Amino acid sequence: MTPSTTFLSCDWGTTAFRLRLVERETLKILAEESSKEGNAATAEAWQQAGQPAKQRVAFYLAVVRQHIQQLEAAVGTALAGVPVVISGMASSTIGMAELPYKPLPFAVDGSDLLTKTIAPTADFPHPVLLISGVQSDDDVMRGEEVQLVGCGFENTPEEQLFLHPGTHAKHVTVQNGQATALKTYMTGEFFALLSTKSILAASVEEGGKLAEGRHQQWFAQGVLESQQANLLHNAFLVRTNDLFRKNSKPENYFYLSGLLIGGECHELLGHLPAGIVLAGEPALVELYGAALRVLGIAHKCPVTTKTAQEVTLNGQWVVLKQHLGTLPTM
Ligand SMILES: O=C(O)C(=O)C[C@@H](O)[C@H](O)CO
């Protein structure tokens with residue numbers, strides 16, 4: 001294991017931090033660390049520390065360094081010199097260094113994404129490649145562009161859709177080797193707010209899998225009903241389902257999920273792409289795959305599924321390879 005055979009993959013979101021030691025040739029994960037030290041929590045810690053602005057990058061890198069030390073302990077080897085590639089919200093207003101967005105379109109081979117390199121220091125003995133996000137006239141993403149690169153889209157004239165479920169679900173149109181349009185849906189964030197902070201919190205209960213009991217049936221009902229009425233009305237049915245004992249709270253959880261995911265996917269019916277690449281956390285990919293089948297979309301255009309982990313590692317490695325020759329050294 002040497003600096004030239006491995007890299008450190010840092011996927012740093014708003015609420016989660018993930019660091020993986022990865023073998024370059026196979027993209028096999030040799031060791032990994034994760035924590036709740038997302039950029040939001042780190043930005044808060046940074047504010048409280050009251051340090052001068054010029055210390056900001058070092059403050060954030062100290063978080064990364066702590067986790068690298070855990071990885072060093074796990075693999076029993078010093079990792080000094082191993083490059084770190086960081087994507088996600090670390091390049092945002094709440095991250096270590098705010099970088100401008102690359103305006104759409106961008107090449108799906110990652111060659112024109114905006115990046116910043118940071119030279120190794122005695123405190124942080126690793127070259128860093130920080131990858132920035134992408135913007136349209138009215139929308140943005142940070143992190144998902146790297147995952148899109150990791151999908152390996154072919155250069156074809158047919159319109160493909162990159163669908164990334166999550167807190168802020170992204171629908172990105174891909175055509176002729178370029179990502180050309182972007183739309184964010186706050187599906188995951190709305191689900192979290194409704195199911196934990198609203199009156200509906202008392203009517204739903206997390207737990208169980210889609211395939212269990214009548215979960216799939218209630219999820220499908222939510223997807224279908226989302227096509228018929230406004231979410232602002234439909235959401236209240238989650239309460240009345242519970243009041244009238246129509247379903248159990250775990251079934252109602254899947255019903256609410258179906259309402260929101262169905263509402264998001266509704267727009268696809270008006271403009272079907274030639275194919276969909278659905279890439280994200282496996283539990284969400286399963287729900288979205290089910291919603292696309294219920295809506296008949298999966299029967300009309302092929303849906304390929306990928307995990308968030310595989311597309312993140314692929315995408316980061318594709319971009320890192322393009323910068324290896326110019327990364328600063330100690
Ligand atoms: O760049 C920003 O400021 C964002 O809010 C982007 C965000 O939507 C991520 O793409 C996913 O959470």
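Since the model is a prediction, treat every value here as computed from it, not as a measurement. Remember, it's 1-based here, ligands and their atoms both numbered in the order they're listed.
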Chemist: Please determine, by modelled atom types, if S195 and E206 share a side-chain donor-acceptor pair under 3.5 angstrom.
Modeler: no
Chemist: Return each pair, listed once, that meets salt bridge (charged side-chain N to carboxylate O under 4.0 Å, His left out) where at least one residue sits in residues 53-71; pairs must be two or more places apart or across chains.
Modeler: R65-E72
Chemist: Mind checking what residues have non-hydrogen atoms under 4.0 angstrom from ligand 1?
Modeler: M89, Y101, V140, M141, R142, E144, H168, K170
Chemist: Please collect all salt bridge (charged side-chain N to carboxylate O under 4.0 Å, His left out) contacts where either partner lies in residues 248-272, sequence neighbours excluded, each pair once.
Modeler: K183-E267, R214-E251, D242-K249
Chemist: Only pairs at least two apart or in different chains count here, so list each ring pair (Phe, Tyr, Trp, His ring centres under 6.0 Å) that has a residue in residues 31-51.
Modeler: W46-F59
Chemist: Going hydrophobic residue to hydrophobic residue with side-chain gaps under 4.5 angstrom, can you get from V85 over to M96?
Modeler: no
Chemist: Looking at F7, does the NZ or CZ of R24 lie under 6.0 angstrom from its six-membered ring centre and within 45 degrees of the ring axis?
Modeler: no
